[in-house]
Amino acid sequence: MLITVSKSPGEGYSSLQEALDSIPPQQKQAVTIRIKPGIYEEKITIVREAPPILLLGEDPHSTVISWNDNAHTLGADGEPLGTFRSGTLNVFSEGFTAENLTIRNASGPGTGQAVAAFVDAGQAVFRRVRLLGDQDTLYTGQGKQYYNDCYIEGDVDYIFGAATALFEGCHLHNKRSRGYITAASTPEEAAFGYVFLNCRITGGEGVSEVYLGRPWRPYAHVAFIRTVMDGSVTGEGWHNWGQPDREQTSRYEEYGSSGAGACPESRAVWSRQLTAEEAAEYRVLTVLDGWHPEGY
């Protein structure tokens, strides 16, 4: 099933949410929604009952989904939305893929938690997607998630949540000094939390003292494997969120970091530098427990 969304009259639906809502309830086969270039200012929800969905843009710079809710925005009930209802794109389906898109929360810096993408799917894939925001840009709720050749920016905890997520060849960009890239809440029983393979980290002009992560929950797991880090990354690397007991339970790991921000001798003593043998186990199939996203 193919649906087209376009800003040009007569080329399909003008609203992405209207296109999603048009999918028949009995539809079980995968649906591709082709999104023509344009800025689509709307809040998008993909419901749990939806079939596998592919949102396919033509180019990540010209195809933009944007909204500006934040945690303090009042909802229809007159109450603040909170972090978990602030997302521009909200994905709850079992299977989901997005390619060649920008997903933006335009709330702006200093407005508090403002999610660009809330991904709570069973299996989700993002390829060549730009995730733009400030605080809490990407919320990885649960399930297995794969991000390839994506650009993700923010300032505080801008990749956070409980999912097992593998980021391959991605670009992470720090927008503010003394911020945090990750805030993992990995469940105690999970073998993997966030794994970054062959990624790079940059910072805006003058940005410094940014931490690779801090533990949102006690068993946070984050591994950076062969990541190029610029000088915006602080030498200490990891922060305990003011809770020293989490130094005993969190798993913060690196292997083969390079660049001005790679300072193994300065890293927090409760983090680990992996051996080559250990790092070799961080492969797509292993991290994602047998699921390979190429099938999506």
Side-chain angles (χ1 to χ4, degrees), residues 138 140 142 144-148 150 152 154 156-174 177-203 208-290:
L138 172 60
T140 65
Q142 63 178 351
K144 302 288 193 295
Q145 302 179 16
Y146 176 74
Y147 299 81
N148 177 242
C150 292
I152 309 169
V156 175
D157 304 335
Y158 64 89
I159 303 173
F160 73 109
T164 292
L166 190 146
F167 301 81
E168 188 167 29
C170 293
H171 178 185
L172 314 179
H173 185 67
N174 301 318
S177 294
R178 292 174 292 281
Y180 306 86
I181 297 174
T182 67
S185 56
T186 316
E188 181 178 2
E189 67 277 7
F192 300 97
Y194 294 154
V195 176
F196 296 86
L197 294 179
N198 304 310
C199 294
R200 66 186 176 111
I201 301 172
T202 60
S208 64
E209 299 180 52
V210 176
Y211 288 88
L212 297 172
R214 59 178 179 172
W216 184 19
R217 296 289 183 267
Y219 295 93
H221 173 243
V222 181
F224 283 92
I225 312 295
R226 295 180 299 275
T227 297
V228 181
M229 307 177 180
D230 77 357
S232 65
V233 176
T234 183
E236 188 179 359
W238 307 97
H239 191 282
N240 66 14
W241 210 322
Q243 302 189 64
D245 55 317
R246 294 190 180 179
E247 297 180 6
Q248 308 303 316
T249 52
S250 299
R251 292 177 292 144
Y252 284 149
E253 304 164 337
E254 286 178 79
Y255 175 78
S257 298
S258 61
C263 305
E265 69 284 352
S266 302
R267 289 293 192 251
V269 296
W270 46 281
S271 66
R272 292 186 62 230
Q273 297 292 318
L274 299 173
T275 66
E277 293 76 15
E278 289 172 327
E281 294 302 310
Y282 286 72
R283 303 185 301 270
V284 174
L285 279 173
T286 304
V287 173
L288 299 179
D289 194 24

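Every value quoted in this text rests on a predicted model; they were computed, and no experiment measured them. Only this structure's heavy atoms are used, side chains among them; waters, hydrogens and symmetry mates stay out.
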**OP:** Could you tell me whether the side chain of Thr234 reaches within less than 4.5 Å of the side chain of His239, counting heavy atoms only?
**Re:**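 SC-SC contact between His239 and Thr234 ruled out.
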Original post:
If we only count heavy atoms from C-beta on, is the Leu212 to Ile201 side-chain gap below 4.5 Å?
Top reply: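 Yes - at least one pair of side-chain heavy atoms lies under 4.5 Å apart.
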Original post:
Once you round to the nearest 0.5 Å, how far does CZ of Arg283 lie from CG of Leu166?
Top reply: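 Reported to 0.5 Å precision, the distance equals 12.0 Å.
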Original post:
Just by distance, with hydrogens left out, do Glu253 and Tyr255 show a side-chain donor and acceptor under 3.5 Å apart?
Top reply: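 No pair is found: no donor N or O on one side chain lies under 3.5 Å from an acceptor on the other.
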Original post:
Going by distance alone, is a donor N or O of one side chain under 3.5 Å from an acceptor N or O of the other, for Asn198 and Arg226?
Top reply: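 A pair is found: one side chain offers a donor N or O, the other an acceptor, under 3.5 Å apart.
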Subject >> Partner residues of Arg178 under the side chain to side chain contact (heavy atoms under 4.5 Å, CB included) criterion, sequence neighbours left out >> reply: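 Side chain to side chain contact (heavy atoms under 4.5 Å, CB included) list for Arg178, sorted by chain: Glu209.
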Original post:
Can you name the residues that form a side-chain hydrogen bond (donor to acceptor under 3.5 Å, both in side chains) with His173, not counting sequence neighbours?
Top reply: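 His173 satisfies side-chain hydrogen bond (donor to acceptor under 3.5 Å, both in side chains) with Thr202 once adjacent residues are dropped.
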Could you tell me which non-hydrogen atom of [X] sits nearest to which non-hydrogen atom of [Y], and how far apart they are?
X	Y	answer
Tyr211	Trp238	CD2-C, 3.5 Å
Ser208	Ser177	N-OG, 2.9 Å
Arg267	Ser271	CB-OG, 3.7 Å

Original post:
Out of Phe192, Phe196, Tyr146, which residue meets the ring-ring contact (aromatic ring centres under 6.0 Å, His included) rule with Phe167?
Top reply: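 By the ring-ring contact (aromatic ring centres under 6.0 Å, His included) criterion, Phe167 pairs with just one of Phe192, Phe196, Tyr146: Phe196.
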Original post:
Is the Tyr180 to Phe160 ring centre distance short of 6.0 Å?
Top reply: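 Judged by ring-centre distance (under 6.0 Å), Tyr180 and Phe160 do not meet the cut-off.
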Subject >> Flag, side chain of Asn240 to backbone of Arg246, donor-acceptor distance under 3.5 Å >> reply: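 Absent.
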Subject >> Side chain Arg217, main chain Glu188, donor-acceptor under 3.5 Å >> reply: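 Flag not set: sc Arg217 to bb Glu188 has no pair under 3.5 Å.
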